[in-house]
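Read the structure below first, then the notes.
Just so it is clear: chains get the letters A, B, ... in the order the sequence lines come, proteins before strands, and each one is counted from 1.
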Amino acid sequence: MMSEQPASLGPAEVGAILEQLRTEVRARRLARGVAAEGPLERDLGRALDELELHRVVSAHWPLTARTLPGRVVALVNKIVRRALRWYINPIVEQQNAYNDAAARALRLLADAYLDLGEQLAEVRAALEATPGADERPPHAGGPSGAAAGGEQAAGGSRPAAGASESPARGEGVPLQEVVRARAEAEPPARFPDLALAEQLPRVSELQAVSAHWALVGRRPHEQLIALAKRVVRQYLRWLINPIVEQQNAANAALTEALASLHRLDAERRGEIARLRAHRRRAAGHGQ
Amino acid sequence: MDTITIVVPWFGPDTAGGAETQARQLAAAIRQQGAPVEVWTTDGRDSFAPPEPHYRTGPDEVDGVPVRRFPILPPTFAPRVPPPVARRAASLPALPDFPERELLQLGWLASSDELLEAVASEGDGRQFLFVPYPFPTTFWGALLAGERAHLLPCLHDEPYARHATFRWMFRRVRRVLANSRGEAELALRLYDLPPERVVVAGEGIDLTPRGDGAAFRERRGISGPLLMYAGRDAPGKNVPLLLAYLREYWARRGGPLTFVRTGRGPMGVPESLRGLVLDLGDVPHQERHDAYAAADVYVHASTYESFSIVLMEAWLQGTPALVNAACAVTRQAVEESGGGLAFGSFAEFAAALDVLLADAELRRELGERGRAYVLEHCRWDEVARRTIAAILG
């Protein structure tokens with residue numbers, strides 16, 4: 001028998017789990033030396049929690065009634081719903097797959113936003129700690145025209161503070177090992193934007209929900225059932241298609257909004273990188 | 001002697017794509033070795049164009065190689081067994097119960113029923129070489145060609161490679177010709193093939209171009225350290241990762257740095273990184289070779305490679321390479337040649353660039369090793385000889 005109750009946790013239980021997760025995330029962020037969340041970040045966290053609670057659409061809510069006529073109607077409704085599972089459920093599942101992908105993209109975007117905030121705070125702190133470092137405006141064209149001429153310049157200039165010494169060569173140490181050893185001294189880097197970049201194609205891929213997948217059968221009786229389903233689907237187009245089309249328009253708009261936010265995130269990351277590079281140069285490194 | 005018949009979805013002077021370019025150069029090289037060779041293809045242009053006729057259907061000749069073009073089939077969006085296969089179902093091996101989505105995918109890629117019919121009915125006196133692996137011309141063609149089927153898969157570690165359809169196909173063909181040792185190892189691992197069925201025939205490149213790095217820098221107004229990548233911003237090429245790593249490296253080091261990209265299509269560079277990134281798009285061949293020669297380091301973050309023509313082209317110009325350690329093909333090429341370094345993380349990316357950019361003599365040394373490797377391994381005549389031996393031997 002088909003269950004009439006969604007096989008998921010109740011809102012109160014989900015809320016408790018989310019609160020626990022929030023506490024853990026806060027603790028981890030504090031452990032990383034990141035300042036406590038402000039009210040805007042808290043609002044964002046709660047909005048994402050709500051999203052998590054509501055992103056799954058169910059086609060199987062309880063159908064009950066107290067009176068006898070009501071029970072008869074509920075029973076008929078259950079039968080109709082059950083008879084149309086082959087049609088409705090795949091549509092709902094496609095929408096849920098999209099909602100899941102879009103919700104994940106939003107969480108990644110929020111993570112990227114928090115990371116940007118941390119980077120900005122670090123740049124501000126560094127600029128405040130080195131007065132005069134920001135007197136020269138960041139080179140709008142980046143550092144490429146700033147130094148050294150010609151092809152030999154690459155080797156002759158100091159492209160990196162950490163690259164000032166010659167690598168250990170001719171000492172029997174394979175170069176790749178030298179790289180590994182140097183890499184251990186490199187401070188860790190986070191790239192939340194990469195996870196987001198990976199997720200967005202998935203969101204685009206799932207945005208178009210289809211109500212018209214192939215209905216075929218291999219054996220004669222399967223072909224007969226498929227034909228009957230095609231007839232029913234053809235009849236119900238007036239009801240289902242406008243709903244799916246409206247939902248698809250909403251999905252497409254959400255996908256485009258996510259893509260725009262991703263482009264904005266990339267732009268801001270580039271700006272902060274330019275500020276950091278400028279600060280580095282101004283502080284006397286990388287010349 | 002049987003005619004080596006190369007079957008490829010698209011083929012011609014206007015056709016773009018790595019596997020298609022390889023098929024064209026290989027066909028010409030086989031012809032130069034004196035072996036009979038012919039190409040069977042559709043009349044479509046390439047994977048970047050709509051699936052409609054572009055070339056004239058029927059016989060043609062490209063680089064002196066006879067070509068037969070068959071009508072391209074419009075994509076179908078339902079699982080489909082081509083009529084030439086369906087008609088011969090009784091005499092062909094039974095198809096396993098493949099997942100519907102895999103058969104569906106075969107339906108919407110470029111194919112030609114007439115081409116498949118020719119494979120089935122005109123196979124006598126021919127040995128077929130199907131290029132590349134994830135196309136219906138290859139899958140159904142290999143089934144119809146039976147013992148005469150050879151595969152030049154251009155395989156890389158992507159989701160398609162794990163499809164049951166392709167696993168079945170790899171296990172049925174007479175021989176698999178790999179472009180590199182890394183590709184051969186991947187095929188052996190994924191499909192559990194007997195080692196003797198997989199031959200590393202390799203791939204060649206044009207060894208004649210000479211890049212002018214100084215002229216490139218002057219034309220483009222570039223001074224200081226220059227990094228380069230040649231290729232599209234396509235899934236698996238890892239361009240977002242490369243951009244993110246470059247951005248962070250630039251931010252941390254602060255020194256002068258320019259990154260040049262050549263290749264079809266836009267790269268999607270934020271305005272704020274325009275000073276760091278010079279996205280040249282599709283440039284003439286000579287300009288690309290000039291850029292290789294101008295670059296201090298050629299950076300290749302892609303993990304979807306069966307050979308990497310652009311890596312070899314960069315080495316040909318004596319430029320050392322920094323490749324993604326997650327790509328067995330390019331990592332092994334770097335290890336075998338000594339022509340560069342590999343990175344498995346941002347920390348290694350940064351450390352490797354520090355090491356390379358700080359030492360011009362080291363770069364020259366690694367670049368020379370890369371060039372020597374290319375001159376030894378990427379000769380088309382050698383590749384053609386190995387290919388002929390694998391197919392006709």
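- Ion pairing between a basic and an acidic side chain is recognised when a charged N comes within 4.0 Å of a carboxylate O; B:Arg253 and A:Glu186 show such pairing.
- Using a 4.5 Å cut-off on side-chain heavy atoms (C-beta onward), A:Arg276 and B:Trp250 make no contact.
- Heavy atoms of A:Pro201 lying under 4.5 Å from chain B are absent altogether.
- Crowding of A:Arg202 atom CZ: a count of heavy atoms from other residues, nucleotides or ligands under 6.0 Å not exceeding 12.
- For a residue to count as touching a neighbouring chain, one of its non-hydrogen atoms must lie under 4.5 Å from one of that chain's; by this rule A:Arg263 does not touch chain B.
- Counted within 6.0 Å of CZ on B:Arg232, heavy atoms from surrounding residues, nucleotides or ligands total 12 or fewer; the atom is thus considered open.
- The most heavy-atom pairs under 4.5 Å with chain B, out of A:Glu271, A:Arg268, A:Glu267, come from A:Glu267.
- Among residues 341-349 of chain B, the residues having any heavy atom closer than 4.5 Å to a heavy atom of chain A are, in sequence order, B:Leu341, B:Ala342, B:Phe346, B:Ala347, B:Glu348.
- Nearest heavy atom pair, residue B:Ser272 against residue A:Ala266, reads OG-O, 4.2 Å.
- Shown here for A:Arg281 and B:Gly254, the closest heavy-atom pair between the two residues is CG-O, 2.7 Å.
- In this view, A:Glu93 satisfies the side chain to side chain donor-acceptor pair (under 3.5 Å) rule with no residue, not counting sequence neighbours.
- Between atom CZ of residue B:Arg331 and atom CD of residue A:Gln176 there is a gap of 10.0 Å, rounded to the nearest 0.5 Å.
- Neither the backbone nor the side chain of B:Leu278 comes within contact range of chain A; no heavy atom of the residue lies under 4.5 Å from a heavy atom of that chain.
- At a threshold of 4.5 Å between non-hydrogen side-chain atoms, the residues A:Leu175 and B:Glu365 do not count as touching.
- For B:Glu336, the CD atom counts as densely surrounded, since its 6.0 Å shell holds more than 12 non-hydrogen atoms of other residues, nucleotides or ligands.
- A distance of 11.5 Å separates CZ of A:Arg182 from CG of B:Leu353, quoted to the nearest 0.5 Å.
- Enclosure of atom CZ in B:Arg210 by more than 12 non-hydrogen atoms of other residues, nucleotides or ligands within 6.0 angstrom is indicated.
- Put simply, of B:Ala350, B:Pro240, B:Ala244, B:Gly268, the one with the most heavy-atom pairs under 4.5 Å next to chain A is B:Ala244.
- Atom CD of B:Gln286 has more than 12 neighbouring heavy atoms from other residues, nucleotides or ligands inside a 6.0 Å radius.
- In terms of heavy atoms, B:Arg252 sits closest to A:Pro188 at NH2-O, 2.9 Å.
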